[in-house]
Amino acid sequence: MIIESNNINIRQIAESGQCFRMNEIKQDTFSLIAYGRYLQLKQLDDTAIEISCSGEEYELIWKDYFDLSYDYNRIIQKLMKGKDDFLKKAGDYGKGIRILRQEPFEILISFIISQNKNIPSIKKCIEGICNRYGEFKISEEHYKMGYYAFPTPGRLANAKKEELRELKLGYRDEYIIKAAQAIHEGRINLDQLKACSHEEAVTALKTIPGVGDKVANCISLYGLHHIEAFPVDVWINKVLNEVYQNSFDVEQYQGYAGIIQQYMFYYMRSLK
DNA sequence: ACCCAGGCCTGGA
DNA sequence: TCCAGGCATGGG
């Protein structure tokens, strides 16, 4: 089925560093594994994508996943009318980005892995985990394409350190197991954190070893959809230092700073 | 060989 | 409270 929007660009989303299982499989066509499903997305033009699922499945899952009820154009227009030159360029450059509503547990583990790694390396590690611990599935709708879902908390909670080391996760092995156990044993309830405030969520997430301020903000933004989160990584740090001389005022964008952060990140990386 | 990657933890000022 | 060094691994 076709989705029309002035603010949806699959390539930009796939390259925006918020999701790690979206890949280009042929020109302008991307695969995606999420919520235990396999999907293909084709960019038709600047204002439309084709999504390989029924209208029913779209309404049930993907409309929400791509955050299609939110008006990103309103944010872009606000930036265009403002006087922040960098954000004008960044907004124009990344106006097809949206903040996905991804599975909280997958995001928790993915961003624990992300520390001190580049994006290609993060992707490799996540695929390794899925291949080793995820459920193997077959998509009848895609010529019986086989794929692995992201593993459940229970499967990862019972993983062995040595196994994870084989997957080249390095010192993150223990972090991953501890995090999965916290979820599996119910000490941390991610759905509950979705319902409470961003600040409370970050505080709770930081009790998990291997989750510091940056990773907690990423989980809050990408996994819990607290779009006021503002994760500061090396790239955003570069923006804050070099572009704003450490005088950027996040408060101007209160309530949706995470979207602004995403435009900054995507644009700054394009400059190198 | 060195440096960096969507950082975090620990120990010592 | 702030900072330095260490931490696994792969790629430039």
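- In this structure, C:dC3 and B:dG11 make a Watson-Crick or G-U wobble pair, each of the two defining distances being under 3.5 angstrom.
- Taking the P atom of each, B:dG11 and C:dA8 are spaced 15 Å apart, rounded to whole Å.
- Reading DNA chain B from its 5' end, the first and the last nucleotide to sit under 4.0 Å from a heavy atom of chain A are B:dA5 to B:dC9.
- Using a 4.0 Å heavy-atom distance criterion, A:Tyr175 is classed as a sugar-phosphate-only contact.
- Checking B:dC4 for Watson-Crick or G-U wobble geometry (two distances, each under 3.5 Å) identifies C:dG10 as its partner.
- Residues A:Tyr222 and A:Ile122 fall within the same hydrophobic cluster, defined by Ile, Leu, Val, Met, Phe, Trp and Tyr side chains chained together at heavy-atom separations under 4.5 Å.
- Residues A:Trp235 and A:Leu240 have side chains not in contact (no heavy-atom distance under 4.5 Å, counting atoms from C-beta outward).
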Exercise. Apply the test salt bridge (Lys or Arg N to Asp or Glu O under 4.0 Å) to residues A:Asp28 and A:Arg11: give CA-CA distance (whole Å), side-chain angles for both, the deciding distance (0.1 Å), then the verdict.
Key: CA-CA 8 Å; A:Asp28 294 324; A:Arg11 183 183 307 283; 3.2 Å; yes

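- Taking the six-membered ring for Trp, A:Phe20 and A:Phe111 have ring centres closer than 6.0 Å.
- Atom name P, nucleotides C:dG6 and B:dG6: the rounded distance is 23 Å, in whole Å.
- Contact of the A:Leu39 side chain with the A:Ser31 side chain is not registered, since no non-hydrogen atoms from C-beta on lie closer than 4.5 Å.
- The residue A:Ile236 sits close to a base: some heavy atom pair falls under 4.0 Å.
- A donor atom on one side chain and an acceptor atom on the other are found under 3.5 Å apart for A:Gln18 and A:Ser16.
- Within 6.0 Å of CG in A:Asn241 there are more than 12 heavy atoms belonging to other residues, nucleotides or ligands.
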Kindly give the atom pairs (protein nitrogen or oxygen, nucleotide nitrogen or oxygen) under 3.5 Å for nucleotides 1-4 of chain C.
none

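- Within 4.0 Å of A:Ser16, counting heavy atoms only, lies at least one base atom of the nucleic acid.
- Residue A:Glu127 contributes atom CD, which lies 18 Å from atom C1' of C:dT9 at whole-angstrom precision.
- Comparing A:Ile208 and A:Gln262 by the nucleotide of DNA chain B that holds the closest heavy atom to each, the one mapping nearer the 5' end is A:Gln262.
- In this structure, the CD atom of A:Glu174 is 20 Å from the P atom of C:dG6, given to the nearest Å.
- Using bins of under 30°, 30° to 60° and over 60° for the plane-to-plane angle, the ring pair A:Phe66/A:Trp62 lands in the tilted bin.
- Residues A:Tyr133 and A:Glu163 bring a donor and an acceptor atom of their side chains to less than 3.5 Å of each other.
- Between A:Phe265 and A:Tyr267, the distance from one ring center to the other does not fall under 6.0 angstrom.
- Counting any heavy atom pair closer than 4.0 Å across all strands shown, A:Phe20 reaches no nucleic acid atom.
- Going from the P atom of C:dC2 to that of B:dA5 covers 23 Å, rounded to whole Å.
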task: Report the C-alpha separation of A:Lys123 and A:Glu127 in whole Å, then their side-chain angles, then the decisive distance to 0.1 Å, and conclude whether the salt bridge (Lys or Arg N to Asp or Glu O under 4.0 Å) test is met.
output: CA-CA 6 Å; A:Lys123 285 184 162 191; A:Glu127 287 316 301; over 6 Å; no

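- With contacts defined as side-chain heavy-atom distances shorter than 4.5 Å, the pair A:Phe230/A:Phe248 qualifies.
- Backbone-only engagement by A:Gly210 is indicated by non-hydrogen atom pairs under 4.0 Å involving sugar-phosphate atoms exclusively.
- The residue A:Arg165 sits close only to the backbone: its heavy atoms come under 4.0 Å of sugar-phosphate atoms, none of a base.
- For DNA chain C, the neighbouring residues in residues 115-125 of chain A, judged by any heavy atom under 4.0 Å, are A:Asn116, A:Lys124.
- Among the protein residues, A:Lys168 comes within range of the sugar-phosphate backbone only, with heavy atoms under 4.0 Å from sugar or phosphate atoms but none that close to a base.
- Counting non-hydrogen atoms under 4.0 angstrom, A:Asp173 reaches nothing in the nucleic acid.
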